[in-house]
S.K.: 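So that we are looking at the same thing, I have put the structure below in structure tokens.
Below, chain A is the first sequence line, B the second, and so on; all start at residue 1.
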Amino acid sequence: MTTVSVPAGWPATEEEARAVQDELRARVLLEPGPPVGAGHVTGVDVAYDDERDVVAAAAVVLDAASLEVVAEATAVGRISFPYVPGLLAFREIPTVLAALDALPYEPGLVVCDGYGLAHPRRFGLASHLGVLTGLPTIGVAKNPFVFTHADPDAPRGSASPLLAGDEEVGRALRTRADVKPVFVSVGHRVTLDDACAHTLALTPRFRLPETTRRADSLCRRALQEATIRH
DNA sequence: GCGACAG
DNA sequence: ATCTTGTCGC
């Protein structure tokens with residue numbers, strides 16, 4: 001497991017962070033991403049111990065066809081930013097980057113626990129991570145955040161637009177029949193249709209993608225191990 | 001101005 | 001995110 005410190009020049013105030021978002025936003029690419037079910041799909045997630053100022057990140061690479069784990073990596077560090085809705089990326093990204101760097105394989109599509117385009121400034125965690133790494137990224141969130149949506153039909157695969165006013169910024173996607181939908185948005189180098197198709201391919205059994213389930217449990221374990229002593 | 005608000 | 005046991009169900 002690798003150890004990270006807060007990057008030099010990392011934004012220290014909300015104003016600085018928003019300025020960074022506004023600058024990087026122009027670099028997002030809207031283009032066809034990797035094919036569904038081919039190559040690698042990587043889940044990233046982060047767990048915190050605010051009390052001890054520790055953050056642990058995990059990156060788990062799956063074979064996109066079988067969903068078997070191919071590789072895992074973790075990283076721990078100091079918390080680099082407080083939680084502020086709309087600025088989540090500044091809290092998660094340094095440690096996530098370190099975990100991704102520690103992987104022995106190319107990540108392929110990266111699936112984030114949170115939003116991409118569906119963001120107050122249209123530059124969420126998935127967009128930010130995509131621009132910094134150049135990798136294709138999507139965001140799959142558990143809550144609608146500040147957006148509105150109609151309830152999708154009951155069958156798995158049903159979807160309804162996730163709206164900011166009348167702008168479709170993502171999709172509420174039912175990954176299990178009769179279960180609360182997940183909220184999918186584009187990060188970098190992927191279309192919304194493909195982001196949803198990938199999400200469905202990653203949810204053969206549970207509401208949340210296998211990628212985020214695996215990354216979530218791994219980063220919690222990493223946090224425990226980093227925190228159990230001291 | 002106040003509250004809500006991904007994780 | 002995090003605080004948290006047993007319990008219902010596939």
S.K.: Mind checking whether A/Phe183 and A/Leu173 sit in one hydrophobic cluster, side chains of I, L, V, M, F, W, Y counted as touching below 4.5 Å?
M.R.: no
S.K.: Any luck finding a side-chain donor-acceptor pair between A/Asp45 and A/Thr212 under 3.5 Å?
M.R.: no
S.K.: Decide whether A/Phe123 and A/Leu135 are clustered together by the hydrophobic rule: side chain heavy atoms of Ile, Leu, Val, Met, Phe, Trp, Tyr closer than 4.5 Å, transitively.
M.R.: yes
S.K.: Could you run down nucleotides 2-7 of chain B 5' to 3' and tag each one B, S or - for protein heavy-atom contact under 4.0 Å?
M.R.: ---BBB
S.K.: Tell me the interatomic distance from A/Ile93, atom CD1, to C/dA1, atom C1', rounded to whole angstroms.
M.R.: 17 Å
S.K.: What stems show up for DNA chain C when you take Watson-Crick pairs (N1-N3 plus N6-O4 or O6-N4) and G-U wobbles (N1-O2, O6-N3), both under 3.5 Å, and require three or more consecutive pairs?
M.R.: none
S.K.: Would you kindly say whether A/Thr203 and A/Arg156 are connected by a side-chain donor-acceptor distance under 3.5 Å?
M.R.: yes
S.K.: Could you tell me whether A/Asp153 and A/Arg174 have a side-chain N and a carboxylate O separated by less than 4.0 Å?
M.R.: no
S.K.: Whether A/Arg18 and A/Glu14 form a salt bridge (side-chain N of Lys/Arg under 4.0 Å from carboxylate O of Asp/Glu) is what I want to check.
M.R.: yes
S.K.: Any chance the side chains of A/Tyr83 and A/Glu92 put a donor and an acceptor closer than 3.5 Å?
M.R.: no
S.K.: Atom CZ of A/Phe90 to atom C1' of C/dA1: distance rounded to whole Å?
M.R.: 19 Å
S.K.: Have a look at A/Asp216 and tell me which of A/Arg213, A/Arg214, A/Arg220 forms a side-chain hydrogen bond (donor to acceptor under 3.5 Å, both in side chains) with it.
M.R.: A/Arg220
S.K.: Please determine whether residues A/Val55 and A/Phe90 belong to a single hydrophobic cluster, defined as Ile, Leu, Val, Met, Phe, Trp and Tyr linked transitively by side-chain heavy-atom distances below 4.5 Å.
M.R.: yes
S.K.: Do A/Ile93 and A/Leu117 sit in one hydrophobic cluster, given that two such residues count as connected whenever their side-chain heavy atoms are within less than 4.5 Å of each other, even indirectly?
M.R.: no
S.K.: Please encode protein proximity along nucleotides 5-10 of chain C as a string of B, S and -, counting only heavy-atom distances under 4.0 Å.
M.R.: ------
